[in-house]
Amino acid sequence: MIVSPFSAFRNTEPRLLWDPTVHKYFGEDLRFFILKLENSSTEPLRLLEGLCERAGVKSYCVYKLYGYYDALLKVWTNTEGASDLEEKLDPGETAEIVSAIDFHVHRTFYDDWSAHAGVADDRYLTSHEKDIVLLAEGTGSAAEVRGAVDRLRGARLLHYYAPGEIFSPRDFPLIKFYSSVSFGRKGEQISDIRAAVAEQFKEVRLKSLYVGAALGDNAECLVEGLIAAHDYPHLDEWTDRFYGSLRIENRMTLLIANPESPEVDILNTRGTGLGTNGHRLRRLVGDKYAAMLRSLPPEEQTEIVDVFSEFRVEALNSRFERYFLGICEARIAREEELLGEKLSFLQQLERVAMTQLRAGVLQPAFGESWHTVLNEVAIELMAKKKRQRMIELDASTKEPLLGLGEAIGAVRELVNRKLVDDAVVVAQIGNEWESRLMKAVELRNKWAHGDIGSWLHRGGPWKGWPDVARRACAAGLVYNTLAASSMALEK
């Protein structure tokens, strides 16, 4: 039975809402807590606002309910925040609370107001992360914010929610309600419930379907919607029609008037370090490695996730991605052979680096005789260091087969003599291009000569992995840049 509200829902200002996939990307889940209070006259806002603040939960809304239950608390929070809040909402911990149903949302479907796709993966979200963080942390100028909003709305990661554009002026004030659905025993599928929401609640606007699980209750879905106040007498008829179409006898409708707190949607982009980024890494590596990562000691998890966090934004969605994730997987499983396989990109880095030095620095200065000049300078430098060796020539091109390290040293000498201009390489990988490339060369040589093991296990088994991994990832970012330029040159 639906009890008439004392006042109607008035929070109808247009607002922007994060897509659920964005919250999940930053380690946050949606939870509803349906509460019975010791005294129905208790102010839910004052009570629950204080509990949320003490639990560190920032994104929440408190609704006063009319019927058996007294309040509904809607929150987006990470695992730690949810755990703290669960403890504080336990009737044994807070005297004002008689019972609390915890409904944990796994999937969300919007009916008629959002272009939510529901399938955005971590790689897609990573490509929009800078815009997301800019909005969430409020660090940009007005123009930057407008640009980020437009891009995120276009990417369907930010949604515009405007009741005033859906309802006519005569429809106000509005009433919000939730209906619970349990479908496990009846055999209904989510698609059946979505169809029933669309067909049987045609008169209800701005609908959402939340699919999840509740502790201590049979609810597996919550249907949320808004109706005009003058349509309130029809709500019993519409809900009966909805439940009847699904052949559901046990039903619960929660009616809401004014929300006790503003319906804010705050995103915590800082998360909880290990929890957020560890969760991202587990979703990206293979199933075998995801299970292993969960079982590692906390200090080892932290070591791996720290490296992942440092390089993930630039490494994901790039040529280096598969090597990057493989380097993490090798550490997770302690597979030295896999690490060796993933360091094979260093050969490609050597090739594209030589291509860039030739095309961007040497040929503009010396034309087709570039290799002769480079060879002469390399021999001079070796003589100074008393490290003479026979430089072989390529069988087809007759070009000197210098190692990348030798070529870098010769190019630097030519730059110092002001015979060549390194502006192209500086523009690509910075003023420290020589140092960055030489560090990659050092790693490549150790890998190629089978010396990685001594570096990797310096100080104990796998203790040197963070150093090796960071060196490899830094080289990988250079590889990304040079590989893209090399492909353009080769075309």
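Computed over heavy atoms, backbone and side chain alike; hydrogens, waters and symmetry mates excluded. Computed from a predicted structure; not experimentally measured.
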Legend entry - Listed partners of Gln347 passing side chain to side chain donor-acceptor pair (under 3.5 Å), at least two apart: none
Inset, instruction - Could you label the plane-to-plane angle of the His106 and His104 rings as parallel, tilted or perpendicular, counting under 30° as parallel and over 60° as perpendicular? - result: tilted
Legend entry - Between Trp238 and Phe201, ring centroids under 6.0 Å: no
Legend entry - Quiz item: cation-pi between Arg280 and Tyr25, 6.0 Å / 45°: yes
Inset, instruction - Inspect the surroundings of NZ in Lys439 and state if more than 12 heavy atoms from other residues, nucleotides or ligands are less than 6.0 Å away. - result: no
Legend entry - Residues forming a salt bridge (Lys or Arg N to Asp or Glu O under 4.0 Å) with Glu38, sequence neighbours excluded: none
Inset, instruction - Scan residues 320-329 for pairs that pass salt bridge (charged side-chain N to carboxylate O under 4.0 Å, His left out), counting only residues two or more places apart or in two chains. - result: Arg123-Glu321
Inset, instruction - For Arg283, check side chain to side chain donor-acceptor pair (under 3.5 Å) against everything at least two apart and list the hits. - result: Asp122, His279
Inset, instruction - Could you pull out all residues at least two apart from Lys130 that satisfy salt bridge (Lys or Arg N to Asp or Glu O under 4.0 Å)? - result: none
Inset, instruction - Report, as yes or no, whether the 6.0 Å neighbourhood of atom CZ on Arg334 holds more than 12 heavy atoms from other residues, nucleotides or ligands. - result: yes
Legend entry - Cationic tip of Lys36 above Tyr68 ring, under 6.0 Å, 45° of axis: yes
Legend entry - Ion pair Arg46/Glu49, N-O distance below 4.0 Å: no
Inset, instruction - Using the test side chain to side chain donor-acceptor pair (under 3.5 Å), find all partners of Glu87 that sit at least two apart in sequence or belong to another chain. - result: none
Legend entry - Gln348 versus Tyr479, side-chain donor and acceptor atoms under 3.5 Å: no
